[in-house]
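The structure appears right after this line, and notes come after that.
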2 protein chains.
Amino acid sequence: MGLTKTDTYNTKTLSLATLFKALGHPARIAILEFIAKQSTCICGDIVTELPLSQASISRHLSELKAAGLIKGTITGTSVCYCLNPENMPFLVQFLNQLNSPTNQTCCS
Amino acid sequence: MGLTKTDTYNTKTLSLATLFKALGHPARIAILEFIAKQSTCICGDIVTELPLSQASISRHLSELKAAGLIKGTITGTSVCYCLNPENMPFLVQFLNQLNSPTNQTCCS
DNA sequence: TAATTTAATCGTAATATTGCGATATAATAA
DNA sequence: TTATTATATCGCAATATTACGATTAAATTA
């Protein structure tokens with residue numbers, strides 16, 4: 001019965017880590033890049049785009065979806081995926097804070 | 001002799017994934033938040049700040065350093081860590097692209 | 001209804017990450 | 001030189017992630 005991550009870190013820290021973790025795999029970055037490039041939903045043609053099995057891509061898609069980075073809509077036999085921009089500002093804000101001038105005053 | 005990640009994904013995709021992966025753990029987010037909060041170098045007092053062993057913190061610090069998210073300078077017996085803002089704009093730019101209006105035209 | 005298509009899930013093997021005690025290293029202080 | 005202090009690394013166990021073939025599920029088409 002050790003400390004869990006939920007006990008140890010606050011909600012914001014855990015959310016950031018979860019989102020970044022979902023972004024921390026090249027296949028998932030490639031999927032996001034591909035969806036963005038289409039600038040519309042993509043329906044099923046991701047499997048042909050990446051050198052991964054259908055099972056693996058489906059897994060990555062569900063991870064991206066669970067993290068709130070994409071949305072999926074069922075249309076007939078296929079599923080339509082698009083970006084979910086909801087959490088982007090949260091991540092950008094965090095990174096910008098790390099990048100602010102106040103944090104560049106040492107280790108030069 | 002399967003395909004390696006380096007064969008499969010382009011450099012930009014791999015860099016993004018590596019950086020995000022380094023950000024994908026609550027302990028490492030907490031470390032970055034702590035350094036940012038001090039808005040100066042921190043020298044050694046991270047161990048008392050987080051509920052992790054000295055060995056584990058050292059490991060997380062070296063991962064953050066390897067990813068290029070922090071810098072470390074040796075000063076006497078201790079090491080001084082501060083943020084390395086170098087890669088932040090790269091990450092922010094990627095996230096902002098995902099968040100651009102062009103990418104919000106479907107799955108509504 | 002039976003075949004087809006599309007995507008998710010299961011089971012499992014391989015690999016990677018995480019955490020920690022113990023130990024090593026390196027600089028300073030006594 | 002011998003402690004002491006601060007940090008990194010080693011070795012190992014526990015856990016998590018990744019990938020894929022096979023299977024399942026659900027909608028569509030013949």
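Note that these values count all heavy atoms, side chains included, but never hydrogens, waters or copies made by symmetry.
- If you measure from atom CD of A:Glu49 to atom P of C:dA7, you get 14 Å, rounded to the nearest angstrom.
- A close approach under 4.0 Å does not occur between any side-chain nitrogen or oxygen of A:Arg59 and OP1 or OP2 of D:dT17.
- Comparing atom distances between the B:His25 side chain and each of D:dA19, C:dT28, C:dT18 picks out C:dT18 as nearest.
- In this model, the phosphate group of D:dT17 is not approached by any side-chain N or O of A:His60 to a distance below 4.0 Å at OP1 or OP2.
- For the OP1/OP2 pair of C:dT17 and a distance below 4.0 Å, the side-chain nitrogens and oxygens of A:Lys21 include no atom meeting the criterion.
- Taking both residues in full, the closest heavy atoms of B:Thr13 and A:Pro26 are given as CG2-O, 3.4 Å, listed atom of the first, atom of the second, then distance.
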- [ ] Run the numbers on A:Leu95 and B:Leu95 for side chain to side chain contact (heavy atoms under 4.5 Å, CB included), then give the verdict.
- [x] CA-CA 10 Å; A:Leu95 293 171; B:Leu95 293 171; 3.7 Å; yes
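- Close to C:dC20, at under 4.0 Å from its OP1 or OP2, lies a side-chain N or O of B:Ser56.
- Among the atoms of the strands shown, none is found under 4.0 Å from any heavy atom of B:Ile74.
- Protein atom CD1 of B:Ile31 is 13 Å distant from nucleotide atom C1' of C:dG19, rounded to whole Å.
- One atom, CD of A:Glu63, and another, P of D:dA16, lie 13 Å apart when rounded to the nearest Å.
- Comparing C:dA27, D:dA16, D:dG21 by their closest approach to the side chain of A:Ser53 singles out D:dG21.
- Between B:Thr77 and A:Ala27, the residue anchored closer to the 5' end of DNA chain D is B:Thr77, taking for each the nucleotide with the nearest heavy atom.
- Sequence order on DNA chain D of the closest nucleotides to B:Lys65 and A:Gly24 puts B:Lys65 first from the 5' end.
- To the nearest 0.5 angstrom, B:Leu32 atom CG is 6.0 Å from B:Leu69 atom CG.
- One atom, CG of A:Leu52, and another, P of D:dG21, lie 11 Å apart when rounded to the nearest Å.
- B:Arg28 has its CZ atom 12 Å from the C1' atom of C:dG19, to the nearest Å.
- Put simply, A:Tyr81 has a side-chain N or O that comes within less than 4.0 Å of OP1 or OP2 on C:dA8.
- Between B:Ser58 and the phosphate of D:dA8, there is a side-chain N or O to OP1/OP2 separation shorter than 4.0 Å.
- Rounding to the nearest 0.5 Å gives a distance of 9.0 Å between CG of B:Leu16 and CG of A:Leu23.
- In this entry the distance linking CD1 of B:Ile57 with P of D:dA8 reads 11 Å, nearest Å.
- For B:Val79, taking side-chain heavy atoms from C-beta onward, the closest of the listed nucleotides D:dT7, D:dT5, D:dA19 is D:dT7.
- Taking only distance into account, the side chain of A:Gln54 meets the base of C:dA8 through a donor-acceptor pair shorter than 3.5 Å.
- Across the protein-nucleic acid pair, B:Leu50 atom CG and D:dT7 atom C1' stand 16 Å apart, rounded to whole Å.
- Comparing atom distances between the B:Ala55 side chain and each of D:dT17, C:dC20, D:dA19 picks out C:dC20 as nearest.
- Here the straight-line distance linking atom CG of B:Asn87 with atom CG of A:Leu98 works out to 11.5 Å at 0.5 Å rounding.
- Ring orientation note: the planes of A:His25 and B:Tyr9 are nearly perpendicular, at an angle over 60° on the 30°/60° scale.
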